[in-house]
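As structure tokens, the structure follows; a few thoughts come after it.
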Amino acid sequence: MPVTGSRRALLGSAALTLALSSLVLTESAYAAKPVGSGKGANTQQQGGGDGNGIYAAARIQYSGSVAKGGGTGNVTSSDVNWTPPPCWYAPYLGAKDFKKKMSKDIERQLNTPGMGGTAGSAIGETKRHYEDGYGWTGTPGYEDYNVENDGKGMFWAGVENPNEPDYLKRTSCTDLPFWVENGDAPPPQYEEAIDPEILAALAYQHMQLPDTKVTLAPEAETKVNLPTWAWLDKAVFDEVQATAAINVPGFNIQATTTAKPVSLTLKPGTEDAETYPASGECTINADGSIGEPYAKGKSDETPPCGLRYLRSSGDGTYKLQATITWEINWTGTGGAGGDLPNGTFGNEQAVTVQEIQAVNR
């Protein structure tokens, strides 16, 4: 009997939760578990392999300017609707290794006391799917876990993004593991199958941008109504790149995400201030710098990038927020590439403003 509609959903949820409870896919710095485990990444597991080099887990390797320990980087997307992939499908095991793990787990579940009803039926049909060729439209079944093709491809499985806080999103890649021949693209119905675009988004998620410390003149103390010049030298910041790659037998792809600074936005930390330009956004100069360094004799000039405080900060300080906007794009295996939403990152600098109307510089 073919599987359609709600019956396929049954296999993809109840069966996956039970039958895949022992499977773990490993990331470079953390363990990312297949959907249905219900747990985040707390441990790191090393993927094993057999004598033919068939690896037990697919690693995504991150390099370049990325956060340590596999954590989320410091880039904030300017598009509030953009989010990194919450889960994806990736190479998992060769046929023999998959059979060893999956068959053992299926039998354990079927022999669990009280296992019956909907869950028991789903586990039984999962067993038929991998052992007896039981399939449905667009999803063929397998004979004996496809071991006759061992070494010619891998089973792929859903992986949770451990940095995704939403449990439902993180566990939404619920299709049963499927076979992909070496050199072939995954079947088109698996839209979340790992590809260069997904790797680029993950590199974006892990990207670590440099701190934004703006040079000010006067530096930390200024006066009411006195223009404060602000600038960033090109040597202080430049393009930043992060690369994500996956390399398993028969499947090797990567993507590099590049962030290029394009503007600096100043927020004085009080409404009693003016910014230069009025928008507070200082665009990048032709030489890659932002703003203009203060030089002696310019005290009466208006800075191209800066601000002017209109009221004293009293016994405290104003929190000047300096945020750089980065233009982000990516390139990947096979000539793939495109744009990602602009990213922002900034920090605060304490500025003391004294109530003195005139000053010699």
Side-chain angles (χ1 to χ4, degrees), residues 1-26 32-37 47 54-60 85-106 109 122-161 170-199 246 248-253:
M1 180 178 64
V3 179
T4 58
S6 61
R7 195 163 185 80
R8 177 177 179 179
L10 170 65
L11 282 174
S13 56
L16 189 62
T17 299
L18 295 170
L20 300 186
S21 61
S22 66
L23 304 184
V24 176
L25 290 178
T26 306
K33 298 188 177 182
V35 292
S37 66
I54 299 176
Y55 295 91
R59 287 176 176 270
I60 294 179
C87 66
W88 55 89
Y89 296 98
Y92 182 65
L93 292 172
K96 289 181 179 179
D97 286 342
F98 182 74
K99 176 184 178 180
K100 181 178 178 181
K101 283 184 175 291
M102 192 67 161
S103 61
K104 181 178 178 180
D105 197 58
I106 287 176
Q109 296 291 348
I123 294 297
E125 291 182 355
T126 300
K127 181 178 181 179
R128 291 177 57 202
H129 177 62
Y130 291 112
E131 296 182 3
D132 302 325
Y134 179 58
W136 50 92
T137 303
T139 305
Y142 306 96
E143 297 288 344
D144 192 26
Y145 295 88
N146 209 27
V147 294
E148 67 176 2
N149 291 313
D150 189 52
K152 300 178 182 179
M154 297 185 80
F155 277 100
W156 288 40
V159 188
E160 296 179 11
N161 185 339
R170 194 172 69 238
T171 58
S172 60
C173 293
T174 57
D175 281 329
L176 289 170
F178 53 93
W179 180 261
V180 178
E181 293 282 331
N182 291 340
D184 288 352
Q189 66 263 38
Y190 300 105
E191 296 180 359
E192 298 87 359
I194 197 80
D195 61 11
E197 186 173 5
I198 289 178
L199 287 176
I246 188 168
V248 296
F251 189 77
N252 306 280
I253 60 172

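Computation of the quantities below employed the complete heavy-atom set of this structure, encompassing side-chain atoms and omitting hydrogens, waters and symmetry-equivalent molecules.
- A salt bridge (Lys or Arg N to Asp or Glu O under 4.0 Å) check over residues 136-145, counting only residues at least two apart or in different chains, returns the pairs Lys99-Asp144.
- Residues Lys96 and Asp150 approach most closely at N-OD1, 3.1 Å, considering heavy atoms.
- Residues Ile198 and Glu192 come closest through the heavy atom pair CD1-O, 3.5 Å.
- You'll find the side chain of Phe98 reaches within 4.5 Å of the side chain of Pro177, heavy atoms only.
- By the side chain to side chain contact (heavy atoms under 4.5 Å, CB included) test, Pro187 is found to be paired with Phe178, Val180, Gln189, Tyr190, residues two or more places apart in sequence or in another chain being considered.
- Evaluation of the salt bridge (Lys or Arg N to Asp or Glu O under 4.0 Å) test over residues 179-189, restricted to residues two or more places apart or in two chains, returns none.
- Using a 4.5 Å cut-off on side-chain heavy atoms (C-beta onward), Ile194 and Pro91 make contact.
- Side-chain contact between Thr139 and His129: present, with at least one pair of heavy atoms (C-beta onward) separated by less than 4.5 Å.
- Not counting sequence neighbours, the partners of Glu131 by the side chain to side chain donor-acceptor pair (under 3.5 Å) test are Tyr145.
- In this structure, the side chain of Asp132 does not engage the main chain of Tyr134 through any donor-acceptor pair within 3.5 Å.
- Not a single side chain to side chain donor-acceptor pair (under 3.5 Å) links Tyr142 to another residue, sequence neighbours left out.
- Between Leu93 and Lys100, the closest side-chain pair of non-hydrogen atoms is not below 4.5 Å.
- A donor-acceptor contact shorter than 3.5 Å is absent between the side chain of Asn146 and the backbone of Ala95.
- Asn182 pairs by the side chain to side chain donor-acceptor pair (under 3.5 Å) definition with nothing, not counting sequence neighbours.
- Rounded to the nearest 0.5 Å, atoms CG (Asp97) and CE (Met154) are 8.0 Å apart.
- Shortest non-hydrogen contact noted between Ala90 and Val159 is CB-CG2, 4.2 Å.
- Here the rule is side-chain contact (heavy atoms from CB on, under 4.5 Å) with Trp156, and of Trp88, Phe251, Tyr92 only Phe251 fits it.
- Between Phe155 and Trp179, the ring centre distance stays below 6.0 Å.
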